[in-house]
Amino acid sequence: MAGLAALLADLLARGGRQPALPAADLARVVMALSEGLNAHALTHPDAVTANSDLAKRTLPPVLRALSEPTPRVGSAG
């Protein structure tokens with residue numbers, strides 16, 4: 001989980017953002033989303049085709065919602 005937390009923090013930093021909660025918690029949320037979608041696909045195989053890119057479509061807004069702009073050094077605020 002630490003590796004995923006570091007990866008998410010790095011990806012957000014590249015976009016000028018930082019996690020709004022501890023990176024380890026953000027990683028848990030992403031894993032829970034992924035595992036939930038996988039479980040749904042196993043129990044609802046007819047929905048897989050229609051929602052095959054659901055993770056790709058939902059992860060960006062989830063990361064945006066659970067992150068915030070990185071404060072600029074020297075910014076007043």
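Only heavy atoms go into these numbers, but all of them, side chains included; no hydrogens, no water, no symmetry mates.
Closest approach of Ala23 to Ala5, counting heavy atoms only: O-CB, 3.5 Å. Among all heavy-atom pairs drawn from Glu68 and Ala20, the shortest one is OE1-CB, 4.0 Å. Here the shortest heavy-atom pairing between Met1 and Arg28 reads SD-N, 3.9 Å.
Taking CG from Leu37 and NE2 from His44, the interatomic distance works out to 12.5 Å, rounded to the nearest 0.5 Å. Thr70 contributes atom OG1, which lies 10.5 Å from atom CZ of Arg72 (distance to the nearest 0.5 angstrom). Expressed to the nearest 0.5 Å, how far CG of Leu26 lies from CE of Met31 amounts to 12.5 Å.
Among Leu63, Leu66, Leu8, the one residue that satisfies the side-chain contact (heavy atoms from CB on, under 4.5 Å) test with Val29 is Leu66.
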